[in-house]
Every structure is written in structure tokens, then in C-alpha cells.
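Data first, discussion second: the structure below is written as C-alpha cells.
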Amino acid sequence: MIYDALFGKPLISLIVVGFAGIVVWYFLSSQRPTTRLVVQILFFAVMTLILVGSGMEPHRFQGYQSEDSQAMLVIVAKSLWWVHLAWAVVGFIRLYLVLEGSPREARLLQDLVIGVVYIGMMLSILAFVFGVPIGTLVATSGVVAIILGLALQNTLADVFSGIALTLGRPYVIGDWILLSDGTEGRIVESNWRATHILTPGNNVVVLPNSFLAKLGLTNVSRPDETHLLILTIRIAPTRMPASIRQVMLSALTSCNSIVREPPPVVALKGLDATALEVELQFRVTSPSQRVPARNEVLDLVYRHCKSAGLLLAVPPAANVVTAVLPTEENAKPPSVTPLALIEAIPVFATLTSDEKQKLAETTTVRQFRKGDVIAREGEMLPSLMMVRAGIIVARREGEERGRFAPGDFFGETGLLAGMQEICALEALTPVTVYEIDQEAFAPLLTERPALAEEIAEALAGRTERFRDGAALPAEQARNAHAILKTIRTIFRA
């Protein structure tokens, strides 16, 4: 019965099986490629069996008579057979032509091979189904191909350059690149025609692949995305170069925006009567962090120079009488007194000169040696401490969260809200701090609620900075905002 159904009217049976295979393939999920391939092979095998059993040869053109009523059925049947053959081959290619660890290259290679398969299918249908002389067609189309090639040479150049760039893998999506023409940014899309680059100005630059292939390319994201920055600082030669180098190294060591490993480098570049030229070399986590890191380093260089009594040199182009230049013998940099430090800290800007003077008179000096624990995690500090000199490291559960440099302050959580320190504080270098106890600070907080607001905002900002830079737990950020809310409630009551 099955034999009669298949071979009684083979052309009708073959066409029915062919269209049934198309319908079944369409409704099968693309997430099950193996099942699709098996179904394609089964339908192709049944169609081949029907063709062989009926004496038809799909790979030969047998000719048709104009009065032959079955000519159209033969054409449709043979065309369906070639389509199913191509689909079975394509399914096999999609499933088994894989480059391990290189999905983009694998997909590109699959697309190229599949394109060849479909072209072969179309030529086979023309030759074996319709009897078109392919050799003559190819020879005739050569002239057309030349004309099309000349008309589409830019597009074809982009396509082949895209293939070369994809196989060569000079970059992948997400990499930060720098081109020899000055264009830089992150790769957000790459296709056969062009590459899309998101620039630091938040613009998308679309570069044709043929143009991109001709440019020199620096992949900043390889071997990793850490990016080297170099800053040149000119310091007045009022101290020995070794001392100035140590101050610059302390400034880099206290920076929270740069990479710790490899460690930053301070190179002495030149020395004359006007300046010691120092080159600071440090790395940031990615090119997008260059501006914040540069800003912080310059701020810390200024603060450490003030703390150490160093003077910045005049610009090299300035016209200065040599006799008035500061030297190691005559330089008298201003000392950093408690009053000077209070005036330099932005949160105290709302205080009057008398209030700053009174506050400075109540400060006491505390010294810590390298390695001393200033405050343990969970301990409450009842006073505000301003860093006069040195570096303090903040750790939570043994992991570093950030660093304090001259001009920073801490202890505000206990002073303002009676809360414990969320990080342990340890002297990374010898440290000098100015301490203001609660008794001296309380009247100012009562009279000036804005001062408490400023200090709480600084705390919240510092907590966010530590979290972003060192994966601070989310509850710590919530604690900072809770402190801010508590302070606002207290001083607005």
C-alpha cells in the first residue's frame, strides 16, 4: 500500500513529500538544530528513493516535449529535490562546521560555505532542470561580472576587508581601539560593510572596513584594558631630588583611581636652576577613567606638596629673574598649620574666620607610625581627624577599600551620628593628624546645620567612591545614606 502510494504516481508523491518537508521544517524550533537536520535528511532520502524508483535522474537534463503534460511536474519535483539537498547540506554545515572559541569566525565561515552551496544549487537547477548551458552562461556573464565589479568595487572592498578583519581578529566587540588618524573609542558593532565605534564624546563613528583596514590600529584592551598615563610635574628645586621623588610617589600611592599592580613609577626627567622635572607614570582600569584619575592625581600632588612644604616651579616659558627663584637655601614654604588645613578643606568653607580660628585652637596633634591601627572595624571614633601628612588605608574584612591623603578627614560617623566605623583604618606611612574632639565641634554643628550636611555629603561621596573602586558591599553605601538621612533629621528638628 505504501509502495503504491509512493510509486503509483511518483511525481505527485515527490512533490507532496517535498512540500511536506518544507512545512515540517518550518514548524520545528530553531533551537533544535539536530532534530531539524535529521528531518531534512529523512525527507531528502524519501525523495531520492522516489526519484531512483521511478527512473528519473535529477543530475541530468532529460529534455521536455512541449506537449508533455507532465513537464511542469518534473520541473517542480527536480527543483524540490535540489532544494532539499541544499538544505540538508546547510543543516550539516550549521551543526558541525564550528571553530571552538571563535564564534564570529565560525559564523563567517559558515555563511561563506552556505553561500557557495546555494549558488551551486541554483546553477544545478538551471543546468539539470531547465537545461541552461552553464558554461556559456558563465562565459557570457564574465563581462557583466567585470562591469558589476567596477561599479561595486568600494562595496566589495568593504566586504573583503570585513572578512579579513574578522578572520584576523585585531579586535572584538567591546574592545577600546586607537587608530592612527586619532580616532578612538569602543567597538560597539562590526558587520560586513563597516565598523561602529563609540567615541569618548558619546558619538558613534561608522568607518568602512576598507578604510579601517588601511589604518594603523592600537588595541588598548589587549592584553588587558589597563591604560598607561604619563603626567609631567615641575617642582621648585628646594629639596633633594630623592625627597621630591618620595613625595610624588606618596601622592600616587594615596590615589584611589589608579591601578596598584603594576605599581606607579616616578621618573626624574631633568634638573636646572628653575625646576626639577618629574614624570609620573601610572595605569588606570580603562581609557574611560583617564580624566577622573588625572584629576585626582593632580589634586593629590598639590596636597602632598603643600604637606611636605614643596613649591611648584614656574612655567618654563615664564620670564623670571633668577635671583628671585626659590632655592634650597632661601625657600620658606608656608607651614601647614591647623588653621591652614581647616581653610583648605571645602566643608569648612561656610565658617567665618573667627570660627575657623577658634576651631584651629582646639585641635591636638596625633602621630602614628607605619602599620599602626588608627581605628578598628566596628570601633567608634568620637572626634574628627584631619590628615596633615602621610597615607591611611581603609580596609573592610581585610580587603582594601580606599586611601586617605593630606587634606582628607575621617571620624565623622562617630562624631555626627554616634555610629561605628565601617572600615578599619591603618597608617600606610608615618601619619600626622589634627584631631578635633566632639566638645569643640558640637557648638558649630548646632549653630550651623549646613556644616553637618556638608560633612555627611562628603561621607556619602567617599563611600560611593570606595564602592566603585573596590567592590564595596551594597549595605555600606546604604549605611552612608542612612547616616546622611539621620544627620539631616537631627539638625532640622
Side-chain angles (χ1 to χ4, degrees), residues 238-239 247 250-251 254 296 299-312 326 331-369 372 374-375 379-392 394 402-419 421 425 427-462 483-484 487 490-491:
T238 59
R239 300 282 182 85
V247 173
S250 296
S254 62
E296 185 180 5
D299 176 68
L300 289 170
V301 165
Y302 177 83
R303 286 200 263 166
H304 279 271
C305 285
K306 293 285 286 185
S307 174
L310 296 180
L311 300 175
L312 297 177
K332 295 180 180 180
S335 59
V336 183
T337 62
L339 178 59
L341 190 57
I342 290 173
E343 289 179 340
I345 296 178
V347 295
F348 298 120
T350 58
L351 300 181
T352 65
S353 298
D354 290 341
E355 289 171 334
K356 293 177 182 178
Q357 182 64 45
K358 291 179 181 178
L359 195 61
E361 292 173 355
T362 64
T363 59
T364 57
V365 180
R366 294 187 62 182
Q367 304 278 349
F368 298 94
R369 294 175 297 180
D372 284 352
I374 301 173
E379 180 181 350
M380 186 181 73
L381 292 175
S383 57
L384 184 72
M385 296 190 184
M386 302 176 295
V387 182
R388 160 64 178 82
I391 305 171
I392 298 173
R403 297 186 178 185
F404 295 95
D408 288 329
F409 59 90
F410 59 93
E412 65 276 19
T413 54
L415 178 67
L416 299 179
M419 300 182 67
E421 291 293 321
L425 304 177
L428 192 64
T429 64
V431 172
T432 301
V433 299
Y434 293 143
E435 183 178 15
I436 305 175
D437 59 25
Q438 191 173 27
E439 182 178 350
F441 215 76
L444 285 177
L445 295 177
T446 304
E447 296 173 5
R448 293 183 174 274
L451 177 60
E453 290 266 359
E454 289 285 342
I455 295 176
E457 289 285 358
L459 169 63
R462 178 199 305 156
I483 294 173
L484 177 57
I487 293 170
I490 293 172
F491 288 98

Testing the basics here: between [X] and [Y], what is the closest heavy-atom pair and its distance to 0.1 Å?
| X | Y | answer |
| --- | --- | --- |
| Pro406 | Gly390 | CD-O, 3.4 Å |
| Cys305 | Leu312 | SG-CD2, 4.4 Å |
| Val433 | Met385 | CG2-SD, 4.2 Å |

Can you sort out the partners of [X] under side chain to side chain contact (heavy atoms under 4.5 Å, CB included), two or more places apart, ordered by chain and number?
| X | answer |
| --- | --- |
| Thr362 | Leu359, Ile436, Ala440 |
| Ser254 | Leu300, His304, Ile391, Ala405 |
| Thr352 | Asp354, Glu355, Arg448 |

[X]: partners by side-chain hydrogen bond (donor to acceptor under 3.5 Å, both in side chains), with sequence neighbours left out:
| X | value |
| --- | --- |
| Asp299 | Arg303 |
| Gln357 | Glu361 |
| Thr432 | Gln367 |

To the nearest 0.5 Å, what is the distance between [atom1] ([X]) and [atom2] ([Y])?
| X | Y | atom1 | atom2 | result |
| --- | --- | --- | --- | --- |
| Asp408 | Leu341 | CG | CG | 10.0 Å |
| Asp437 | Thr364 | CG | OG1 | 7.0 Å |
| Phe410 | Met386 | CZ | CE | 10.5 Å |
| Ile342 | Lys358 | CD1 | NZ | 13.5 Å |

For Arg403 and Leu428, indicate whether the former's side chain and the latter's backbone hold a donor-acceptor pair under 3.5 Å.
no
Is any side-chain heavy atom of Phe368 less than 4.5 Å from a side-chain heavy atom of Ile392?
no
Any heavy-atom pair between the side chains of Val431 and Phe404 that's under 4.5 Å?
no
